[in-house]
*Asks:* 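The following block contains the structure, expressed as structure tokens.
What you are looking at is a predicted structure, and each value in this text was computed from that prediction instead of being measured. In what follows, every chain begins at residue 1, and chains take the letters A, B, ... in the order their sequences are listed.
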Amino acid sequence: MTKKLLLIDGNSIVFRAFFAMHTQMDRFTNQAGLHTAAIYGFKLMLDHILADFQPDAALVAFDAGKTTFRTERYAEYKAGRNQTPTELTEQFPYVRQLVKASGMHAYELPNYEADDIIGTLAQAGDQAGYETLIVSGDRDLTQLATEHTTVAVTKKGVTQTEHFTPAYMLEKLGVTPTQFIDVKALMGDSSDNYPGVTKIGEKTAISLIQEYGSLIGLYEHIAEMKKSKRKENLINEKEIAFKCQDLARIRRDAPVTVSLADLTYTGPDHAALVDLYQELDFKSFLTKLAPDEATAPTGEAAVTFTPLTAASLAAVGQLKAPLTLHIEQSQANYHLAKVEGFALGDGQHWFASRDATLLTQAPIKGLLADPKVAINLFNAKAHLVLLNRLGIDLTGIDFDLLLASYLLNPTLNADDVGTLAHEHDYLAILSDEELYGKGAKRQLPTDDAVFLRHLVAKGQAIAKLQPQLVAKLKANEQWPLYTQIERPLSTVLAQMEMAGIKVEKATLEAMGSQLSERLSELETAIYQDAGEEFNINSTKQLGTILFDQLGLRPIKKTKTGYSTSVAVLEKLVDQHPIINKILAYRQIAKLQSTYIAGLLKVIHADDKIHTRYLQTLTATGRLSSVDPNLQNIPVRLEEGRKIRKAFVPSQPGWQIFSADYSQVELRVLAHVTGDANLQADFLAGEDIHAATARRIFHLLPDEEVDPNMRRQAKAVNFGIVYGISDFGLAQNIHVTRKQAHEFIQAYFAEFPGVEKYIHDIVASAREQGYVETLTHRRRYLPDIHAKSFNLRSFAERTAMNTPIQGSAADIIKMAMIKMPAALQAHGLQARMLLQIHDELVFEAPAEEIPQLAQVVPEVMDSAMQLAVPLKVEKKAGATWYDLKKLPD
DNA sequence: CTTTTCACG
DNA sequence: ACGTACGTGAAAAGT
């Protein structure tokens, strides 16, 4: 067996951990006020790597101090760095303790950096026949990759890593690990503060090293390079380049005083870890460390409850509101799920049973249907639907742990009580995955004692977390968002889902057979063109046919091979007749599999489709729709649009009615930016994209906006909402990057309020760590501080886009909440069925349509008062396909 | 179980 | 100099 050596770059991982958890810094302090986020993150990473790699020998290297041989040779090395915050420096001693308690060696060497220790030991490991894994947050260490040494660099957070082998580097960067040093020499490193050669960045550096093989090779052949500014710079700065090469090169001969034999990994020292965790208040690590083996499974507190039977039902009547209810479903789709069991209690007494029929009997049914009895639970909408199926009208919902937690942080993706409770530091419960298992192995405990105790533990977690989360919502100014928007919305959504939309099977089936015919014709023709049969649905096989067999030029690569996406295929249309056939095949295959077969599979016995809206999923506050997704039924292309013919009213003589907000996101933009020109354009009530075109192309009042100008202005408007870049815009409208840049500049000149807003929102995200919508819906953006340009830019675009997209979501939600009462007040039978982000779809008796066309837009455009009017367009027709615009 | 592609706002 | 549009869900292939 090959021995395995683990080398960890302590400093860089601790830094990564610190900044990864920066936004939650305040949550991570022990009772003495010591910050612990970096220690915590470091331990997460450690556990992950140790479980994964299982080393025989291990060492964590740290930097010894500020001065090293590099600073002696180049005084500016790492100069100008911000001072490490004390919140971080105070954690280093504990990290070292943690390393030792985990059975690993911590090591540092005066005058050298952690990198050099690692480089030296990795080399020793290679020579001694070890398989070595280096873990760092710093890409520079990839230069140490060899056939037997892999370098894992943290990607996002601390537990996700990207593994660099020499082959992977060649593929990804185009250079070998050794060449990487020379690339750094040319491009420099701004964070380590050495310059490289003027005007040479990563791309140029890589192509130069690829061409000449090495830095030395480049200077040997510099005379042959054709005259250019770059050549001049290279000649003038030759000395700097070699200096930088010296700085970039990690030493493999540092005078380390440990040998591989000293580094044996001994595994964790339990007693030492317990002491340390206690000092740090690491409760979750403590419970993992000391499972209560005799009794409960890890983390599940002993709970007392009464197993409920028909005979003992009366005792439930003694419970005092507020009550906490948890119903366990057999599957996520609550339209079909069975009730596996439930727990009900008031914080003092708990009852639990596997028998769902008990819910439908007195006194439980009465308590649940009583609006004066406050109910706490997890996932209000699921409970509303499940209980409705049992004939119970749940009315008194007060606290929904899932919804409250989502508002506090929409990017947590826990969807069971246990996991979510852990996120809020409540640990006396197991997650479903821990108790039930996952995937195919998932199974509910057959033992009543274990299963019912878990359901009660869920109830207790909900009851316990309520006051805490309510206080947080109030502190965040999110209480109205919870009580006035999201909580009532649950009920409205439940009604829409239960109503369902009628879909005609026969219509879909008829379309399906037509599509099948066309598919087999196209298939034959494609095989003919290709000269052989293959799986057209396989991108891999298709890539081989197009680019290897037919010799077409690959336009783009994915990480697994050639890209064959529409964008690529469209560029190849003129090269070969097979391309158009593949495009047609793809389009039809998509309709057939996703929309014909897919929808047929989910039509219920009542001939309706009952989607589920996920109210706590998206990062922006939008809804999403699953089982099936009814928010992406085709509309843009006629062939796909025909699918909508199958969506029909549920009763004869009824029609489909739809109302959509016109340009909500841009109107929200006009509101939040306060931009006078953008607001004026909306107040004038003209075509907004044409108005934008007039401004950015400086048209005279009597000049006409040609369609191309309008198209470009529209793309600019979209770009602004998405967090614009010249590159992205250029790609979208097929102009040069320079032109795109000019469009954006022209836009900002005309709409200075928008430019200021973009600047301010990014600054505010940096300061506060989050952004907000008009209703104080919040999204944290930890990556706004990321060192990686990519991650940081992404966070900046998100900072810009989320308040816009999220506020638009707020607005339609407010309209939806008011809708049922408004319909009822007008004595209408109409029912709201679907929400598609900026559109609401209804069904109603034909004779109600004129009234509906009044009432619905009125509710929608008065949902929130903005600085510009909200405009609503309406349509009606016999099916979802046949909708025709109604006059204003 | 991840990757690629494509449907929607 | 850096490298891209924002937010979703479903199907199919392939590891």
*Asks:* Give one of base, sugar-phosphate or nothing for A:Gly598, where a contact means two heavy atoms less than 4.0 Å apart.
*Replies:* sugar-phosphate

*Asks:* Counting the atoms with a prime plus P, OP1 and OP2 as sugar-phosphate, which does A:Glu202 contact under 4.0 Å by heavy atoms, base, sugar-phosphate, or nothing?
*Replies:* sugar-phosphate

*Asks:* Could you check whether A:Leu617 gets within reach of a base, just the sugar-phosphate, or nothing at all, counting any heavy atom under 4.0 Å?
*Replies:* sugar-phosphate

*Asks:* Cation-pi check, A:Arg667 to A:Tyr661: give yes when NZ or CZ is under 6.0 Å from the six-membered ring centre and within 45° of the ring axis, no otherwise.
*Replies:* no

*Asks:* To the nearest angstrom, how far is A:Phe718 atom CZ from C:dG7 atom P?
*Replies:* 15 Å

*Asks:* Starting at OH of A:Tyr595 and ending at P of B:dC6, how long is that distance when rounded to a whole Å?
*Replies:* 12 Å

*Asks:* Does A:Phe789 stack onto the base of C:dC2, taking stacking as ring centres under 5.5 Å apart and planes under 30° apart?
*Replies:* no

*Asks:* Atom CD of A:Glu796 and atom P of C:dG3: how far apart are they, to the nearest Å?
*Replies:* 15 Å

*Asks:* Using 30° and 60° as the class limits, which term best fits the ring planes of A:His604 and A:His335: parallel, tilted or perpendicular?
*Replies:* perpendicular

*Asks:* By the 4.0 Å heavy-atom rule, please label A:Ala809 as base, sugar-phosphate, or nothing.
*Replies:* nothing

*Asks:* When you compare C:dC2 with B:dA7, how far apart are their P atoms, in angstrom units rounded to a whole number?
*Replies:* 34 Å

*Asks:* Specify the residue among A:Gln805 and A:Asn790 whose closest nucleotide of DNA chain C lies further upstream toward the 5′ end.
*Replies:* A:Asn790

*Asks:* Expressed in whole Å, how much space separates the P atoms belonging to C:dA5 and B:dC6?
*Replies:* 15 Å

*Asks:* Taking only the side-chain nitrogens and oxygens of A:Lys540, find out if one of them lies under 4.0 Å from OP1 or OP2 of B:dT4.
*Replies:* no

*Asks:* Taking CG from A:Asp726 and C1' from C:dA1, how many angstroms apart are they, rounded to a whole number?
*Replies:* 13 Å

*Asks:* Just to be sure I understand the rule, does A:Val721 reach a base, reach only the sugar-phosphate, or reach nothing, if contact means heavy atoms closer than 4.0 Å?
*Replies:* nothing

*Asks:* For A:Arg518, run the side chain to side chain donor-acceptor pair (under 3.5 Å) check against A:Glu523, A:Glu639, A:Gln592 and tell me which one passes.
*Replies:* A:Glu639

*Asks:* Less than 4.0 angstrom between a side-chain N/O of A:Thr560 and OP1 or OP2 of B:dT4, yes or no?
*Replies:* yes

*Asks:* Could you measure the distance from the CD1 atom of A:Ile811 to the NE2 atom of A:His671? Nearest 0.5 Å is fine.
*Replies:* 8.0 Å

*Asks:* So which nucleotide from B:dC6, C:dC6, C:dA12 ends up closest to the side chain of A:Ser593?
*Replies:* C:dA12

*Asks:* From the set C:dT4, C:dG7, B:dT5, return the single nucleotide nearest to any side-chain atom of A:Thr539.
*Replies:* B:dT5

*Asks:* Looking at A:Arg792, I'd like to know whether one of its side-chain N or O atoms comes within less than 4.0 Å of OP1 or OP2 on C:dG3.
*Replies:* no

*Asks:* A:Lys203 side chain N/O closer than 4.0 Å to the phosphate oxygens (OP1, OP2) of C:dG3?
*Replies:* yes

*Asks:* Mind checking A:Ser725 for me? I need base, sugar-phosphate or nothing, with any heavy atom below 4.0 Å counting as a touch.
*Replies:* base

*Asks:* Salt bridge between A:Lys813 and A:Glu486, side-chain N to carboxylate O under 4.0 Å?
*Replies:* yes

*Asks:* What's the closest nucleotide to the A:Phe794 side chain, out of B:dT5, C:dC6, B:dA7?
*Replies:* C:dC6

*Asks:* What I want to check is whether an N or O donor and acceptor connect the side chain of A:Arg737 with the base of C:dG3 at under 3.5 Å.
*Replies:* yes

*Asks:* A:Leu630 has an atom CG; how far is it from atom P of C:dT8, in whole Å?
*Replies:* 18 Å

*Asks:* Just checking A:Leu623: base, sugar-phosphate only, or nothing, at a heavy-atom cut-off of under 4.0 Å?
*Replies:* nothing

*Asks:* At less than 4.0 Å, is any side-chain N or O atom of A:Arg622 found next to OP1 or OP2 of C:dT8? Yes or no.
*Replies:* no

*Asks:* Taking CG from A:Leu186 and P from C:dC2, how many angstroms apart are they, rounded to a whole number?
*Replies:* 13 Å

*Asks:* Give A:Glu665 one of three labels, base, sugar-phosphate or nothing, depending on what nucleic acid heavy atoms sit under 4.0 Å from its own.
*Replies:* nothing

*Asks:* Determine, for A:Glu772 against A:Arg779, whether the closest basic-nitrogen to carboxylate-oxygen distance falls under 4.0 angstrom.
*Replies:* no

*Asks:* Please determine whether any donor N or O and acceptor N or O are separated by less than 3.5 Å between the side chain of A:Arg636 and the base of B:dG9.
*Replies:* yes

*Asks:* Would A:Arg442 count as a cation-pi partner of A:Tyr436, with NZ or CZ less than 6.0 Å from the six-membered ring centre and within 45° of the ring normal?
*Replies:* no

*Asks:* Within less than 4.0 Å of OP1 or OP2 of C:dG14, is there a side-chain N or O belonging to A:Gln541?
*Replies:* yes

*Asks:* Could you state the atom-to-atom distance from OH of A:Tyr406 to P of C:dG7 in whole Å?
*Replies:* 12 Å

*Asks:* Between A:Ala597 and A:Ser793, which residue's closest nucleotide on DNA chain C lies nearer the 5′ terminus?
*Replies:* A:Ser793

*Asks:* Regarding A:Ala440, tell me which of base, sugar-phosphate or nothing describes its non-hydrogen contacts under 4.0 Å with the strands shown.
*Replies:* nothing

*Asks:* How long is the gap from CZ on A:Phe743 to CD on A:Gln739, to the nearest 0.5 Å?
*Replies:* 5.5 Å

*Asks:* Scan every strand shown for a Watson-Crick or G-U wobble partner of C:dG9, both distances under 3.5 Å, and answer none if you come up empty.
*Replies:* B:dC6

*Asks:* By the 4.0 Å heavy-atom rule, please label A:Asn629 as base, sugar-phosphate, or nothing.
*Replies:* sugar-phosphate

*Asks:* Flag the pair A:Asp783 and A:Arg792 as a salt bridge only when some basic side-chain nitrogen lies within less than 4.0 angstrom of an acidic carboxylate oxygen.
*Replies:* no

*Asks:* Does A:Arg586 put a side-chain nitrogen or oxygen below 4.0 Å from OP1 or OP2 of B:dA7?
*Replies:* no

*Asks:* Which part of the nucleic acid, if any, lies within reach of A:Asp660 when heavy atoms closer than 4.0 Å are counted: base, sugar-phosphate only, or nothing?
*Replies:* nothing

*Asks:* If you compare every side-chain N and O of A:Ser538 against the phosphate oxygens of C:dG14 (OP1, OP2), does one of them come in below 4.0 Å?
*Replies:* yes

*Asks:* Does A:Thr798 put a side-chain nitrogen or oxygen below 4.0 Å from OP1 or OP2 of C:dC6?
*Replies:* no

*Asks:* With heavy atoms under 4.0 Å as the rule, sort A:Ile633 into base, sugar-phosphate or nothing.
*Replies:* sugar-phosphate

*Asks:* Is any side-chain N or O of A:Ser624 closer than 4.0 Å to OP1 or OP2 of C:dG9?
*Replies:* yes

*Asks:* Rounded to whole angstrom, note down the C1' distance from B:dT5 over to C:dG3.
*Replies:* 22 Å

*Asks:* Report which part of the nucleic acid A:Asn535 touches: base, sugar-phosphate, or nothing (heavy-atom distance under 4.0 Å, all strands).
*Replies:* sugar-phosphate

*Asks:* Let me know the distance between CG of A:Asn537 and P of C:dA10, rounded to the nearest Å.
*Replies:* 19 Å

